[in-house]
Amino acid sequence: PTGGHKKFPSGTLKGKTYLDVTLENPEHFFSVCHGKAPPKYLTEYVDWVRSNFDVDDKNKKLTQRVAKSTI
C-alpha cells in the first residue's frame, strides 16, 4: 500500500517500515492506537494502518484492503 515504505524514526522499531511491522507484528498497532498522547510519528502510523487495513478491534485483527480494479 502507498506509504508502507515509510520507516519508524525512533524507538525499538527504528528503521523498520510501516508495512513490515504491521504484517509481522499486528499487535503493535493495537498497543499503539490505544496509548495516551502518542508521538506524532505513531499517530501517523495509526492513521496509515486505518487507511490501508480493515481493523477488527474486538478480535485484534488487521486485514489488508485490496485495491479494486476499474475495468
Side-chain angles (χ1 to χ4, degrees):
T2 303
H5 65 282
K6 188 169 182 178
K7 295 184 178 182
F8 287 89
S10 62
T12 58
L13 300 173
K14 183 177 181 178
K16 294 191 176 196
T17 66
Y18 283 7
L19 184 60
D20 286 343
V21 169
T22 305
L23 295 178
E24 295 170 12
N25 301 306
E27 63 277 0
H28 180 71
F29 166 78
F30 293 100
S31 66
V32 169
C33 74
H34 297 298
K36 295 188 191 313
K40 182 179 183 217
Y41 75 91
L42 289 179
T43 302
E44 290 171 352
Y45 168 67
V46 168
D47 291 343
W48 177 83
V49 171
R50 290 194 185 279
S51 66
N52 291 285
F53 289 79
D54 292 323
V55 178
D56 180 350
D57 283 311
K58 183 180 177 186
N59 296 305
K60 295 194 175 193
K61 185 176 177 185
L62 299 173
T63 306
Q64 189 172 350
R65 292 189 188 127
V66 179
K68 295 177 182 162
S69 62
T70 54
I71 298 174

Drop me the distance from K16's NZ to T22's OG1, to the nearest 0.5 angstrom.
11.5 Å

Name all residues meeting the side-chain hydrogen bond (donor to acceptor under 3.5 Å, both in side chains) criterion together with D54; count only those two or more places apart in sequence or in a different chain, and write none if there are none.
R65

In terms of heavy-atom contacts, F30 and K61 come closest through CZ-N, 3.4 Å

Classify the ring geometry of F8 against Y18: parallel below 30°, tilted from 30° to 60°, perpendicular beyond 60°.
tilted

So OG of S31 and CG of L42: to nearest 0.5 Å the spacing works out to 9.0 Å

Which atom of T17 lies closest to which atom of H5, heavy atoms considered:
CG2-O, 3.5 Å

Determine the minimum heavy-atom distance between W48 and G3, stating which atoms define it.
NE1-C, 3.4 Å

Any donor and acceptor pair, going by atom type alone, linking the side chain of D56 with main-chain N or O of N59 inside 3.5 Å?
yes

Smallest separation among heavy atoms of K7 and G15, with atom names:
CD-O, 3.3 Å

Taking salt bridge (charged side-chain N to carboxylate O under 4.0 Å, His left out) as the test, write out the residues that go with K14, two or more places apart.
none

Could you state the interatomic distance from NZ (K60) to CZ (F29), rounded to the nearest 0.5 Å?
11.0 Å

So how far is it from T63 OG1 to N52 CG, rounded to the nearest 0.5 Å?
13.0 Å

When every non-hydrogen atom of V49 is compared with those of V55, the smallest separation belongs to CG1-CG2, 4.5 Å

Please name the pair of heavy atoms, one in Q64 and one in L23, separated by the smallest distance, quoted to 0.1 Å.
OE1-CD2, 4.1 Å

In Å and rounded to the nearest 0.5 Å, what is the CG to OH distance from L13 to Y41?
7.5 Å

